[in-house]
Chemist: 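First, the structure itself, so that you have it in front of you.
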Amino acid sequence: MESVRFQYLSHPHLNAKPCSEDGTFLKEPSVIPPMPSALSEPMSTNFDCDNPWAPFPNRLAFDWAYYHYVQLQSSQNSILTGLDLWRAAVIESGSKSGSDNGGIPWKHVQDIYKTIDSIQAGGAPWKAYTFQYSGPKPHNPPQWMEKEYELNTRDVLQVLEQQLETAEFDGHTNYTPYQEFDGKGDQVYSNLMSGKWAWEEADKIALAANRRATRSTMLVPVIVGSDKTTVSVATGHQEYHPVYISPGVISNTARRGHGNGVMPVAFLPIPKTSKCQRKQPEFVAFCRQLYHKCLEIVFSPLKPYMEKPKVIKCPDGHFRRAIFSLGPYIADYPEQVWLTGVVSNWCPKYVFHCRSHEKTDFIVKNFNPRALWDEFGIRHDIVPFTHSFPRADIHKLLSPDLLHQLIKGTFKDHLVEWVGEYLHKSHCEKVALEIIEDIDHRISAVPPYPGLRRFPDGRDYNQWTGDDSKALMKVFLAAIAGYLPSSMVQCIAAFMNACYIARRDAISGPALEQFQRCVNEFHWLRNIFIQVGIRVSISLPRQHALSHYYHAIQLFGSPNGLCSSITKSKHIKAVKEPWRRSSRFHALAQMLQTLVRLDKMNALRFRFHRKGMLAGSTSSYAMIDGIKVDSESDLENNDPRHTLDVEDSGLGRDTCGMDDDNENDIGNGSDSDRDCGPADGNPLGAMSEVKLARKHQNGYPRKLCELSEFICQPGFPHALHQFLFMLDHPDQQAPCSPEELPSFEGNIKVYHSASAVFYAPSDLCGPGGMHREHIRSTPSFYGHERRDTVFVVLDDSKKGMEGMEIGHVLLFFSFQYRRKEFSCALINWFVHDEVPDPDTGMWTVQLERDRQGQPTVDVIDLNTIARGFQVSGFPGFRKPENH
């Protein structure tokens, strides 16, 4: 498939010109960038000419500490056991080390912690601030008025500098606001810096009084996200309220990936009191005022550098003069209510007009508190924290939230629930339950597909949450078809079409217009739920948010890079795992210490990795370094060709998704053992590529006729002969007579899977928007036969289904013909209707059959496959009759 070419227009004033460390701009033409930070040792690190592994004595000590502390998250007792076993191994081997500890670098767990704490790289320290209620108190004040509340935060500038100098982001950083246009001249909204907000923010900075000081500087938006999370329901709902930041200059895919693209910068206090006190006006006002005061303190280090530049180091190794701005804020609706100081169930962005600090100040000044609450949805006692920051207005900075507003909110919590209510309302209880059970069976009957969760035994669909809701969206329309009124199905289909456009990583102008048409259609058709008596009205904040997406996408780019799922995914590493490692008593202080140590270990490991010091396994490195190993077999079992890196080895990864043949070696070189996931690559190259697994399967006949009989496909030889004929005569139609077709006597290799890498920015993808999935054709996948379906490109000049057909893969195989290697697939063809179904908008397909009623068989080149295709077929299901 052809690639897509884009044109870019960068901002003329804030053009991020490289400078020296003292802020002096480099002369044109720009010089070669300095060595990345991981290769150049700053004075603050523990660099030792005699020991490059400092503060660790050697590679073994570092690998051991990293394995136990970072990867295994070992407890103190487990670390002590490991040290004892290490010491026993040294004693048994007869080590003659002069060390009092027999060559072991540490005696106790605290010795290891001291070594980690001495690492100078990474790990911005945490600082605590305490607060207390200072308003009027009654004679016998409630306990919450006497308590002290603690804010834990670290220097936001130091964290941002740590993120921005990460060399891994080189090539995935937009240093200037830009406008992106596709080959047709349509503007494309993708990363934050491609949106109107970044461009307009740069204009404001350029027009400021100190225009000369900001010339050729670099705009660095600070993306903020906060969200409460519970670590243990069993022990009293222990809650934490972390705040995360991410530099807005990195790409959406880099932000969604693992690493330090998103880092915790603060833990906000959570005041608690008795049930009778929770709704008291004093307590409610105190909680919200404390919330905003803490956020103001967290981001106060940015204030001086929101108007004058600060020299920072960038991922490409250059220094630049940066101007910071508070950027989009990622939050669910309850958090948005707190951030904007509005009344619950009111829109935080619009009421009669677009909300802003200036308009709110005017309204608060001219109306009494009761009118503010009833007529404008404004709390008079809250001043948003952004009020004191230059160019910052929280009403305008709230970003779209795909997870809570669309996927879990509108779809799962509203539409799916309403469908269930409709079935119960329009049928008697028995029939309604039969229909719901049938829908559940339809969902469970969907064939296996990469990234799609399945419930083989059937499971009530309202139990799907988060990523499961995304999977449910793929099969829900087909599952409910025939049970709902056409307008109701069309309503859900319109919403899903809008949702899929909003989830793209790059949204063009025409796609954005199509999105708005789908939203308008959804808003019109959803009245069916009022007409059938399910709803009295549809005034719901999460659905209302859809009306702001059109302008929000223009402002901030694709919502895919500003979704609350990004911050929620960080809860695991930033909150839940550190909490599990704590003693549970005053856990937060221990959690913060763990976070600092993890940052230090990862920063040091990244530095070693960039210097090439982690190549090979620990034992192979030890032998090269002159340390004796027990036997040659130990080295063979730890061949550096197979264990180049701890992260690259796949250690600790989830092994679900593997088939019975253990085919995880796919031709694209990925060693991932998942059925789908992110892939390297760039959309400027091939938009899709399919390769066979690296290892062929044993146990299959190698000759054509024998293989045909073995797989019970008598049409295979004729199909292959026709394929060979088309190789020699591409402009002719293959004859039916076997005598006119070329013969084939070579050997055939059979494979059970192939890997498809294609551009799919809406899915979990790599930095270039490329996604990888396994296409399988195997007789045994978790004990069941699996034959996937694929899109086959017949005419790449036509769009979508107009240029493609559907193939059901029966066999992946390769062979040599006239000294050339061919990778092919044996398929059954599916045929589809001329137009999609009018209700669901989905294509109806069925097996193509010959005159004898047998499925047609064909051989296709693997290069004609674009990607896998999910078929939702429900033969044999019958709609129950109403009683």
Side-chain angles (χ1 to χ4, degrees), residues 1-2 4-7 179-191 194-196 252 399-402 405-407 409-411 415 470 473-474 476-477 486-528 542-563 683 687 758-763 765 769 771 791 796-804 832-843 866-867 870:
M1 299 177 67
E2 295 183 0
V4 179
R5 299 291 173 178
F6 298 95
Q7 293 180 344
Q179 294 176 352
E180 183 179 0
F181 301 90
D182 62 17
K184 296 181 179 179
D186 296 316
Q187 188 163 358
V188 178
Y189 304 97
S190 53
N191 302 310
S194 71
K196 291 182 179 180
N252 289 346
S399 68
D401 183 7
L402 291 174
Q405 292 169 351
L406 300 191
I407 298 168
T410 303
F411 175 65
L415 296 178
K470 296 180 183 179
M473 293 178 71
K474 298 179 180 180
F476 188 66
L477 273 178
S486 293
S487 56
M488 194 176 291
V489 177
Q490 292 170 8
C491 170
I492 298 173
F495 167 76
M496 288 187 178
N497 289 334
C499 189
Y500 283 128
I501 294 175
R503 285 171 56 187
R504 295 179 185 177
D505 206 43
I507 303 173
S508 65
L512 188 57
E513 296 296 331
Q514 176 65 22
F515 167 82
Q516 190 59 43
R517 287 193 292 270
C518 292
V519 171
N520 294 339
E521 184 181 3
F522 167 66
H523 284 163
W524 173 260
L525 291 171
R526 68 181 178 177
N527 289 318
I528 182 65
R542 288 182 288 182
Q543 286 197 32
H544 170 77
L546 266 174
S547 60
H548 299 304
Y549 269 59
Y550 182 87
H551 297 290
I553 291 172
Q554 291 179 324
L555 286 176
F556 302 131
S558 169
N560 234 5
L562 299 171
C563 181
M687 296 296 284
F758 52 91
Y759 186 64
S762 293
D763 296 322
C765 56
H771 179 78
F791 282 115
D796 56 11
S797 64
K798 296 181 180 180
K799 291 184 177 180
M801 292 293 290
E802 295 180 1
M804 293 190 296
H832 58 78
D833 297 338
E834 294 294 329
V835 293
D837 180 79
D839 289 346
T840 64
M842 301 173 69
W843 294 88
R867 56 167 295 179
Q870 178 191 341

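These numbers come from the heavy atoms of this one structure, side chains and all, not from hydrogens, waters or symmetry mates.
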Chemist: Where is the tightest heavy-atom contact between Ser508 and Asp182, given as atom of each residue plus distance?
Modeler: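 Between these two residues, the closest heavy atoms are CB-OD2, 4.1 Å.
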Chemist: If the condition is side chain to side chain contact (heavy atoms under 4.5 Å, CB included), which residues does His551 pass it with, not counting sequence neighbours?
Modeler: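 Scan of His551 (side chain to side chain contact (heavy atoms under 4.5 Å, CB included), adjacent residues dropped) gives Gln554.
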Chemist: Do Glu513 and Tyr550 have a side chain donor and acceptor closer than 3.5 Å?
Modeler: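 Indeed, the side chains of Glu513 and Tyr550 share at least one donor-acceptor pair under 3.5 Å.
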Chemist: As a quick check of understanding, evaluate side-chain contact (heavy atoms from CB on, under 4.5 Å) for Ser558 and Asn191, giving each step before the final call.
Modeler: CA-CA 6 Å; Ser558 169; Asn191 302 310; over 6 Å; no
Chemist: Distance check, rounded to the nearest 0.5 Å: Met496 atom CE versus Arg503 atom CZ?
Modeler: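 So the CE of Met496 and the CZ of Arg503 are separated by 10.5 Å.
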Chemist: Nearest 0.5 Å, please: how far is CD1 in Ile492 from OG in Ser487?
Modeler: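 Going from the OG atom of Ser487 to the CD1 atom of Ile492 covers 10.0 Å.
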Chemist: Using salt bridge (charged side-chain N to carboxylate O under 4.0 Å, His left out) as the criterion, list what pairs up with Arg526, not counting sequence neighbours.
Modeler: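 Counting only residues at least two positions away or on another chain, Arg526 forms no salt bridge (charged side-chain N to carboxylate O under 4.0 Å, His left out).
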Chemist: Taking the side chain as C-beta and beyond, is there a heavy-atom pair between Pro559 and Ile553 under 4.5 Å?
Modeler: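 Answer yes - side chains close enough.
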Chemist: Provide the closest heavy-atom pair for Cys518 versus Ala498 in the form atom of the first, atom of the second, distance.
Modeler: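 Looking at all heavy atoms of both residues, the closest pair is CB-CB, 3.7 Å.
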Chemist: Name all residues meeting the side-chain hydrogen bond (donor to acceptor under 3.5 Å, both in side chains) criterion together with His544; count only those two or more places apart in sequence or in a different chain, and write none if there are none.
Modeler: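 His544: side-chain hydrogen bond (donor to acceptor under 3.5 Å, both in side chains) contacts with His548.
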Chemist: Please examine the side chains of Phe515 and Val519, heavy atoms only from C-beta on, and report whether any two atoms are closer than 4.5 Å.
Modeler: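 Side-chain contact under 4.5 Å: yes.
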Chemist: What's the spacing between Lys474 NZ and Tyr500 OH if we round to 0.5 Å?
Modeler: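 Reported to 0.5 Å precision, the distance equals 6.5 Å.
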Chemist: What residues, two or more places apart in sequence or in another chain, satisfy side-chain hydrogen bond (donor to acceptor under 3.5 Å, both in side chains) together with Asp186?
Modeler: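 With sequence neighbours excluded, Asp186 shows a side-chain hydrogen bond (donor to acceptor under 3.5 Å, both in side chains) to no residue whatsoever.
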Chemist: What is the distance from atom CZ of Arg504 to atom SG of Cys499, rounded to the nearest 0.5 Å?
Modeler: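 These two atoms lie 11.5 Å from each other.
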Chemist: What heavy-atom pair brings Thr410 and Arg542 nearest, and what distance separates the two atoms?
Modeler: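 Result for this residue pair: OG1-O, 3.9 Å.
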Chemist: Nearest 0.5 angstrom please: Met488 CE to Leu415 CG, how far?
Modeler: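 Answer for the CE-CG pair, Met488 versus Leu415, is 10.0 Å.
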Chemist: Measuring from atom CG of Leu477 to atom CD of Gln490, what distance do you get when rounded to the nearest 0.5 angstrom?
Modeler: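 Nearest 0.5 Å value for the CG-CD distance: 11.0 Å.
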Chemist: With Asn497, which residues qualify under side-chain hydrogen bond (donor to acceptor under 3.5 Å, both in side chains), at least two apart?
Modeler: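 Per chain and number, Asn497 pairs via side-chain hydrogen bond (donor to acceptor under 3.5 Å, both in side chains) with no residue.
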Chemist: Would you please test Tyr549 and Leu512 for side-chain contact (heavy atoms from CB on, under 4.5 Å) and show each step?
Modeler: CA-CA 9 Å; Tyr549 269 59; Leu512 188 57; over 6 Å; no
Chemist: Which residues satisfy the side chain to side chain contact (heavy atoms under 4.5 Å, CB included) test with Asn527, sequence neighbours excluded?
Modeler: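 Scan of Asn527 (side chain to side chain contact (heavy atoms under 4.5 Å, CB included), adjacent residues dropped) gives Ile530, Gln531.
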Chemist: Mind checking whether Phe495 and Phe411 have parallel, tilted or perpendicular rings, split at 30° and 60°?
Modeler: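 Answer is parallel, since the angle falls under 30°.
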Chemist: Minimum heavy-atom separation for Ala502 to Leu402, with atom names?
Modeler: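 Minimum heavy-atom separation between Ala502 and Leu402: CB-CD2, 3.9 Å.
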